[in-house]
Amino acid sequence: MQDLLTYILSGLALAGSFALVGSGIVVVYRVTHVLNFAQGMLAVFGAMISSTLLGGMLPHGVAELVAVLCCAVIGVIIGVAAIGKPGTPPMISLLITLGLGMIATAVVIGVWGQTPVSPPGVGGSVDILGVSLETQRIVVFLAALVTFALLSVFFARTDIGKALTAAASNARAARLVGINTRAMGLVAFAISGALGGLAGVLIAPTTAVSVASDLPLVLSGFAAAIFGGLRSPWMTFLGAVILGVVGQLVAAYGNGSYQTPVALLMMLVIMIVRARSMTTEEAK
Amino acid sequence: MMLEVDDLVVRYGAATALDGVSLTVDDGELVALVGPNGAGKTSLVNAISALVAPVSGRIEVGGRVAQVPEGRQMFGELSVEDNLRLGAWRHRPKDVGPVYELLPDLRRLRRQRADTLSGGQQQMVAVGRALMAQPDLLVVDELSLGLAPMVAAQLVEHLAVLNRTRGTAVLLIEQEIGLAFELCSRAYVLESGQIVASGPTAQLRDAPELQDAYFGGLDVTGTGD
């Protein structure tokens, strides 16, 4: 019983990072209808940059913040390439993000090499219901929760959040009232860059991140995002929780290397089951 | 002069949508542009709103223009009030009070999601959203499309009040001639991208060009059964 609780709690901690990567995918998709395949690399960048900055250049807090901001800028660069040219079809933009992801891999290898990094995070551990968990893992989950709450407020309460929703909901009407839909797309890419970066910054202290982390991260993020129909941030969060917990249980009672296939399988099943409702959403 | 369109040509690839169209709307005037499907009405609206670049010709606008687009074009996931406020995205203030004064039903619906409204209610939101920009000229594209005649007539009445109380000029693009002529004192008839007739609506009502545009020259009188 105690073991089961351990797996569930560590699964929840893992869910925080999946949720952050997934929400980045959702934010960009909602506004631009582009699937950003470079999202996993943004997390890798976040981990690498924070690791470098924490190596004596900047104190805790500042280093992480700068890393997240750098990732927001990288997000904008990806956005400019993917949607900067008016009339670029989403399928072409998707391929551009895929290509940029590969270029980003080369950049990371060139600058940081292939050795995994694991910068120091919040030390110590916390006892929850008799299960000892690293504090950093709890920080990841809580940070994801707070980020999602802030995102909800941002989209529901601020003018720019509503304009982003408007651009996503009806691009033609948005242009008509003077909303610059391309600028909104770039704002979405900046937000998703920051979310990806935040994921990387937060998970690196608990799970060493290397250039090879891109694929498992982006797949888990996609699986969570698809659970949310690529539109709903909170359903993405729920998808991430299910994925995190199931992944940990599979790793514990089966084999650790099954985690990525589990994400893939979940993604496939949801896509097949929900294909109809997802295309209906698309048509709106 | 609120709007002056001179010898406008709009093309989509090889297809000519507007071929030398000229029209004017005076300050505070109510003008109708009627014509059958595919006449080029929406192309003209989009050119006036700068959504389409003309090949040649001139469009001069003497004030702020806002458009009520065809098909209402709601931000479905947002509330009525958010839809309205976004209408003033480029402008300040974003006070929705004056719109609620003119369209009191919207105050009651303000928290409702736009995609849950009826067609008539959505059209009202579309008009309200355009008014949020405090336009001097309101370009309304297919006001009555898909609406019950009574609902459309009500909206036309709102436009008349808007014109009377605030002096807003209206260019009403309509397929429903009766409705358009009821509101407007002057009209243009567009057919196959060209203006084929224009003048006071009282005179245009029986103009043969109007019959031609809609019925292809068939004499439709008395052939109902």
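So you know, we letter chains A, B, ... as the sequences are listed, proteins then strands, and number each from 1.
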| task | List the atom of B:E70, the atom of A:R172, and the distance in Å for their closest heavy-atom pair. | result | O-NH1, 4.1 Å
| query | Is the number of heavy atoms from other residues, nucleotides or ligands under 6.0 Å of A:M91 CE greater than 12? | reply | no
| request: Count the heavy atoms belonging to other residues, nucleotides or ligands that lie under 6.0 Å from CZ of B:R11, then report whether that count exceeds 12. | output: no
| Toward chain A, the part of B:R72 with a non-hydrogen atom under 4.5 Å | neither
| request: Using side chain to side chain contact (heavy atoms under 4.5 Å, CB included) as the criterion, point out the one residue from A:L176, A:N170, A:V177 that pairs with B:P69. | output: A:L176
| remark: Turns out that what part of B:N46 lies under 4.5 Å from chain A's heavy atoms comes down to side chain
| Nearest non-hydrogen partners of A:S169 and B:G76, listed with the distance | OG-N, 3.1 Å
| query | What are the two closest non-hydrogen atoms of A:D159 and B:W89, and how far apart are they? | reply | O-CZ3, 3.7 Å
| note | Between the CD atom in B:Q73 and the CZ atom in A:R175, the distance rounded to the nearest 0.5 Å is 10.5 Å
| message | Quick check on B:L86 against chain A: is it the side chain, the backbone, both or neither that has a heavy atom closer than 4.5 Å? | response | both
| task | Evaluate whether atom NZ of B:K94 has more than 12 neighbouring non-hydrogen atoms of other residues, nucleotides or ligands under 6.0 angstrom away. | result | yes
| message | If I measure from the heavy atoms of chain A, does B:M74 come under 4.5 Å with its side chain, its backbone, both, or neither? | response | backbone
